[in-house]
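Quick note: numbers below take in every heavy atom, side chains included, and nothing from hydrogens, waters or symmetry partners. Remember, it's 1-based here, ligands and their atoms both numbered in the order they're listed.
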Amino acid sequence: MGKILAVYGSPRRKGNTSRLLKEAVQGARDAGAEVEEIVLRDLKMSPCLEIYGCKNTGRCAIQDDFQGVYDRLVACDGLMLASPIFFYTVSAHTKILMDRCQSLWVKKYWIDGAVFGKTQPTRKGLFISVGATKGPKLFDGVHLTLKYFFDTLDMELWKSLLYRGMDFEGDILEHPDYLKKAYEAGRDFAGAVQDGGKG
Ligand SMILES: Cc1cc2nc3c(=O)[nH]c(=O)nc-3n(C[C@H](O)[C@H](O)[C@H](O)COP(=O)(O)O)c2cc1C
């Protein structure tokens, strides 16, 4: 069974995206997957300092909690990432993680010499997000961010669960159907990761 990494990107421990991701984690575990959880707000992670200390090795030079996250990101077969929409993109906690993965971008494109658009994804990602408003463009920004983040990780976006119109911490609890969908997505993700994980 493939290894799944679940990353909680909301500052709220019991917020809407966290509750959805918890369901997905449970679904994946019930399907037999090994799932490791990381709560970004519990970690000490500097933003990227743009010093390119990664340029020779592809490993970030800043010695903080990102080092352990990097190892787990590299080793997993599938990533479940949950972030609320903050100003039309991911939360600051999630963005710090993404920016620190510039080290992986450097490894892929500068050190290993990959050509953009010419590589095949070897891993899969499930993305979960919630925003307070209901506009049609609510998730447009995050989609672009995610596309290039996943490319850096050699991942394809397997599925997104995107929900509008929820603002307060427990709002998701009024939508048991969304929670059920998250559980089912986690369960099915475990199967997809097993079938088509890192070859
Ligand atoms: C700093 C900040 C920025 C936000 N920006 C947006 C936004 O651009 N669009 C939107 O619809 N909701 C926005 N929201 C609302 C959150 O997306 C919403 O409360 C969501 O349910 C939070 O999810 P969580 O409980 O998982 O943290 C913002 C909230 C905060 C605190």
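The two residues Met80 and Gly186 come nearest to each other via the heavy atoms SD-CA, 4.5 Å. Annotation for Thr17 and Ser10: closest pair OG1-CB, 3.5 Å, computed over non-hydrogen atoms.
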What do the steps show when you test Arg13 against Val39 for side-chain contact (heavy atoms from CB on, under 4.5 Å), and what is the final call? CA-CA 8 Å; Arg13 292 178 198 286; Val39 180; 4.3 Å; yes
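With respect to Lys181 and Glu23, no salt bridge is recorded, no charged nitrogen being found less than 4.0 Å from a carboxylate O.
Ring geometry, Trp105 versus Trp110: the interplanar angle exceeds 60°, so the pair is classed perpendicular (tilted spans 30 to 60°).
No continuous path of hydrophobic side-chain contacts links Leu146 to Phe86 [ILVMFWY only; heavy atoms under 4.5 Å].
Residues lining ligand 1 at a heavy-atom distance below 4.0 Å are given as Ser10, Arg12, Gly15, Asn16, Thr17, Pro84, Ile85, Phe86, Phe87, Tyr88, Val130, Gly131, Ala132, Thr133, Leu138, Met166, Asp167, ordered by chain and residue number.
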